[in-house]
Structures are given as C-alpha cells and as structure tokens.
Asker: 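Let me begin by handing over the structure; questions about it come next.
Just so it is clear, the model here is predicted, and its values are computed rather than measured.
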Amino acid sequence: SSQNISQPIVVPKEFFVAALQGKQRFDTTTVTFSPDKELLLRVLTMPVVENKTVAYIIQVARSLDTVQSALDNFKAILFVLLPLVVFITGIISAFLAKITLNPVDRIIKTVQKTTAENLKLRIPVPTTKDEVQRLAATFNDMLERLEKAFSSQRHFIQDASHELKTPLTILQGELEVTLKKIRSVDEYESVLNSSLEEIKRISKIVEDLLLLARFEDRETALDRREFDINRLLQSAIDELAVLAQHKKITVAFSADHTITINGDEQRLKQVFLNILDNAIKYTPSGGTISLSVSVTSRRVEISIADTGIGIPHTDLPHIFDRFYRIDKSRNSSGFGLGLSIAKTIIEAHQGSISADSVINHGTTFTISLPVTAPSH
C-alpha cells in the first residue's frame, strides 16, 4: 500500500517464488490501476527468515516514472542537439583540417613547381614539431640531394664534352690538313701516329668513365681474395722505381710483418699506382716519398706522404671530383679521373680515402681499409 495510491498494489505471484526459497530478487513490472492508468515499478522482494523458515516477506516498490520521464527528456534533447553538434563539429573539424593541411598544400605546390631548372626551391618548414614538420624537412633534404645530383651531372657532361672535344678537334684538324694535298709516306705515317695517340686518349677517357659508371651502378664485381697489403705496396713501388730513380726521389717503405686484407688486389694496386705516380710527378728532384702502414681497431691505414709542391687549400676538397685538375699546365697528360676512380674503388671495399696538404711542403694521402686477419 501507499499513501498516494488509493488501492493496494498487486504484483505477479512469481515474484514470491524465490522469496519462499529464502532468496531476494529485483523485478520491473507494470501495474494496472484502471483501464487508462498503468504504473511502471521497480520491485524488491525480500524474505525474512526466522528459525530457518520464511516468516514473512517484505516487498518494496518504487515508481520508474521519473526515470522514464528523464530518459524521454534526454531523447528529446539528443534528437535536437545531435544534428546541431554534428554540424558544429563538422565546421570545426574542417577549419582545423584546413589549418593542419596548409603546410601539406604548400609542400604539394612547391613540388609541382619543382623542375630541373629551379631545384633551389625549398619548402617553408613549419614549427609544429609533428609529422608535417618532418615531412617538409625531408622534402627539403631530397631537393638538396637532387640539386647536387643534377649539378654534378651537368658538370660531368660539360667536363666530359670538353675532354673529348680536344682530341677530336686535333684528329679532325690533322686529317683535314693532310687531305688538302698529296703527302709523302713519312708525312702520312706521322699523321697516322698522331691520330692513333688521340684515339688512345679518347679510349682511355671512355674506359675510365665506364669503370666509374659500373662501380657506381654496382655492375662491377670485385675479385675478392685474401692477400698481404704490404706485399702489394712493395709491388707498386717496384713498378714505379724507374720513374723515382730518374728524378732521384727516395721512396721509403719497410714492412716487418704480414697484414692480410680481403679485396680485389688488382683494383687496389691501381689505386696505389695512381697515388704514387702523382707523388713522383709533383715531387721535385731529390725529394722523398714515405709509405707507412698501421693497424687500429680492425682496420689498416696506409699513409703515402711526399715532399712535393702540395695542393692549394681551396682545391683540396675537390681533388676526388671527376675531371678536376688543379693546374692543367702541370697535369696535361692526365684527365682528372685518377683520384675519382681511386676513391670509387676504395669505397667499394668499405674503405675511405682522404688527403692533407701544405703548399711547398708536400701532400699526404691516407687510405683506410678493413682488416680480415690479425697481423702476425
């Protein structure tokens, strides 16, 4: 019964089944007071046990009308507010997305404008400290690398064209002059010998360029074998001994133990012959060339030092570039490819090569290579 209800509330009998077994239960039920009046109740049925027997049952109910009314009101609010919230959220999201994607739009526009002619373009890097900032920085790094690659390629084409143009011009001139009139056998022979020298010069340039290209494209496999680096150095010195003796240059080198490395012996010998040949060429008569070998941290370092004319400080960073010659007048017999090939071969062996020089005091080349066996 309830004071605000005129008649007793009757609930289904099955609510009492569990209570008679000594168990309490919660139920939700609808009670009809009249044909047009129903009440939704939440009912607690709880037995009271005395002497292990259910003495009586307490049943308490509460109307769910207020809860249902609150839920209905909430549904109405959601029905009205949900579209409004979605609309406002959409506007805010679009605004935030535009702000967020503005740097990406700038990246896209910059990339679209980028061509081989304007690789100096750079993307403004936002200070957002997020992925967009990293993306912009990465694009700028890529553009910088592309600019260097295109610039290097242009210089390479210009230098190669220049180097090939000279012997071709000589060939053309000699042949044109020779064909203007009948020549003697000796004159024809002289022209043919001169033409043959220029053809050999062109062939040497092409061979060196092909060698560089193959190494860079990893098409040339190294013939790796284990050998003694000291024996290789002594062999290179012996091959150039005549040139050194002609200029009365002393070559100092001594090796008291074996240092074994794994590499292409012929390619590495080509490197040391090139460096030693340059050292002899640019060292005045009576000078000295010193070779030393040391092993540190599983690497072998070969130092080749001369007392020659040295390399200017401004030229030193470029001596390993293709076709780079410090002074064409004193290097007319070369093409500026020797040191570039040397660096390519050393790097193919996972090594490094560097140079240090002082004008009128000499130059020192240092080559580092991995050691495959301990010295003994």
Asker: Set out, in order, the CA-CA distance, both residues' side-chain angles and the distance that settles side-chain contact (heavy atoms from CB on, under 4.5 Å) for Val271 and Arg267, then state yes or no.
Answerer: CA-CA 7 Å; Val271 172; Arg267 295 294 186 191; over 6 Å; no
Asker: Take Val242 and His246, measure what side-chain contact (heavy atoms from CB on, under 4.5 Å) needs, and give me the verdict at the end.
Answerer: CA-CA 6 Å; Val242 175; His246 180 72; 5.6 Å; no
Asker: Using only atom types and a distance under 3.5 Å, with no angle test, would you say the side chain of Thr307 pairs donor to acceptor with the backbone of Thr288?
Answerer: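 Flag set: sc Thr307 to bb Thr288 pair under 3.5 Å.
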Asker: Can any side-chain N or O of Thr344 pair as donor or acceptor with the backbone N or O of Ser340 at less than 3.5 Å?
Answerer: yes
Asker: Less than 4.0 angstrom from a charged side-chain N to a carboxylate O is my criterion; do Glu187 and Lys181 meet it?
Answerer: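 Judged by the 4.0 Å cut-off on N to carboxylate O distance, Glu187 and Lys181 do not form a salt bridge.
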Asker: Can you name the closest pair of heavy atoms from Glu174 and Thr178 and give their distance?
Answerer: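 Minimum heavy-atom contact is O-OG1, 2.6 Å.
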Asker: Distance check, rounded to the nearest 0.5 Å: Ile170 atom CD1 versus Glu198 atom CD?
Answerer: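 If I round to the nearest 0.5 Å, the distance is 4.0 Å.
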Asker: Would you say Lys247 has more than 12 foreign heavy atoms packed within less than 6.0 Å of its NZ?
Answerer: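 Atom NZ in Lys247 is crowded, with more than 12 foreign heavy atoms closer than 6.0 Å.
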Asker: Can you find a heavy atom in the side chain of Thr260 that is under 4.5 Å from one in the side chain of Phe227?
Answerer: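 Sidechains of Phe227 and Thr260: no contact.
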Asker: Counting only N and O atoms by type, is there a donor-acceptor contact under 3.5 Å from the side chain of Tyr188 to the main-chain atoms of Arg183?
Answerer: yes
Asker: Taking the side chain from Asp306 and the backbone from Ile289, do they hold a donor-acceptor pair closer than 3.5 Å?
Answerer: no
Asker: Can you name the nearest heavy-atom pair linking Ala236 to Phe272, along with the distance?
Answerer: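 Shortest heavy-atom contact: CB-CB, 4.4 Å.
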Asker: Can you tell me how far CD1 of Ile319 sits from NZ of Lys343, rounded to the nearest 0.5 angstrom?
Answerer: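 The NZ atom of Lys343 sits 9.5 Å away from the CD1 atom of Ile319.
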Asker: Would you say Gln270 and Ile341 make side-chain contact, with heavy atoms under 4.5 Å?
Answerer: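 A side-chain contact exists here, since the closest heavy-atom pair is under 4.5 Å.
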Asker: Go through the steps for Ile57 and Leu20 under the test side-chain contact (heavy atoms from CB on, under 4.5 Å), then give the verdict.
Answerer: CA-CA 8 Å; Ile57 295 173; Leu20 293 172; 4.0 Å; yes
Asker: Is the shortest heavy-atom distance from the side chain of Asn278 to the side chain of Thr363 under 4.5 Å?
Answerer: no
Asker: Would a distance-only check, ignoring hydrogens and angles, find a side-chain to backbone donor-acceptor pair under 3.5 Å from Arg25 to Thr45?
Answerer: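 Not at all, since once roles are kept as given, no pair shorter than 3.5 Å links the two residues.
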Asker: From Ile309 CD1 over to Thr283 OG1, what is the distance, rounded to the nearest 0.5 angstrom?
Answerer: 8.5 Å
Asker: Is it the case that Asn230 and Gln234 place a side-chain donor and acceptor less than 3.5 Å from each other?
Answerer: no
Asker: Where the side chain of Ser203 meets the backbone of Ile199, is there a donor-acceptor pair that is under 3.5 Å apart?
Answerer: yes
Asker: Got more than 12 heavy atoms from elsewhere within 6.0 Å of CZ, Arg42?
Answerer: yes
Asker: Roughly how far apart are Glu239 CD and Leu273 CG, rounded to 0.5 Å?
Answerer: 5.0 Å
Asker: Measuring from Phe15:CZ to Leu44:CG, what's the distance to the nearest 0.5 Å?
Answerer: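 Reported value, rounded in 0.5 Å steps: 11.5 Å.
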Asker: Looking at every heavy atom in both Asn262 and His349, which two are closest together, and how far apart are they?
Answerer: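 Closest approach of Asn262 to His349: O-CD2, 4.4 Å.
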Asker: For Leu291 and Leu276: C-alpha separation, side-chain torsions, deciding distance, then whether side-chain contact (heavy atoms from CB on, under 4.5 Å) applies.
Answerer: CA-CA 10 Å; Leu291 284 81; Leu276 286 170; 3.9 Å; yes
Asker: Checking side-chain polar atoms at under 3.5 Å, does Ser368 have a donor or acceptor matched by the opposite partner on Arg299?
Answerer: yes
Asker: So, taking the atom named OG in Ser357 and the one named NE2 in His313, what distance separates them when rounded to the nearest 0.5 Å?
Answerer: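 Nearest 0.5 Å value for the OG-NE2 distance: 11.0 Å.
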Asker: Are Leu240 and Val251 packed together at the side-chain level, in the sense that at least one heavy-atom pair is separated by less than 4.5 angstrom?
Answerer: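 A side-chain contact is absent here, since even the closest heavy-atom pair is not under 4.5 Å.
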Asker: Could you check if a side-chain atom of Asp356 sits within less than 4.5 angstrom of a side-chain atom of Thr366, using non-hydrogen atoms only?
Answerer: no
Asker: Can you check whether Asn51's main-chain N or O pairs, donor with acceptor, with Thr53's side chain at less than 3.5 Å?
Answerer: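 Judged by distance alone, yes, a pair lies under 3.5 Å.
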Asker: Below 4.5 Å, heavy atoms only, C-beta onward: do Pro312 and Ile359 meet side chain to side chain?
Answerer: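 Result yes, sub-4.5 Å side-chain heavy-atom pair found.
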Asker: Just wondering, do Gln24 and Pro47 contact through their side chains at under 4.5 Å, heavy atoms?
Answerer: yes
Asker: Which pair of non-hydrogen atoms, one from Ile275 and one from Ile304, has the smallest distance, and what is that distance?
Answerer: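 Smallest heavy-atom distance, with atoms named: CG2-CD1, 3.8 Å.
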Asker: Do any N or O atoms from the side chain of His361 and from the backbone of Gly310 form a donor-acceptor pair under 3.5 angstrom?
Answerer: no
Asker: Count the heavy atoms of every other residue, nucleotide or ligand shown that sit under 6.0 Å from CD1 of Ile182, and state whether that count exceeds 12.
Answerer: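 Atom CD1 in Ile182 is not packed in, count stays at 12 or less.
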Asker: I'd like to know if the side chain of Asp264 reaches the main chain of Arg224, judged simply by a donor and an acceptor atom lying under 3.5 Å from each other, with no hydrogens or angles considered.
Answerer: no
Asker: Is it true that, when you exclude Arg62 itself, more than 12 heavy atoms of the residues, nucleotides or ligands shown sit nearer than 6.0 Å to its CZ?
Answerer: no
Asker: Please confirm whether the backbone N or O of Arg231 pairs with a side-chain atom of Ser235, one donor and one acceptor, at under 3.5 Å?
Answerer: no
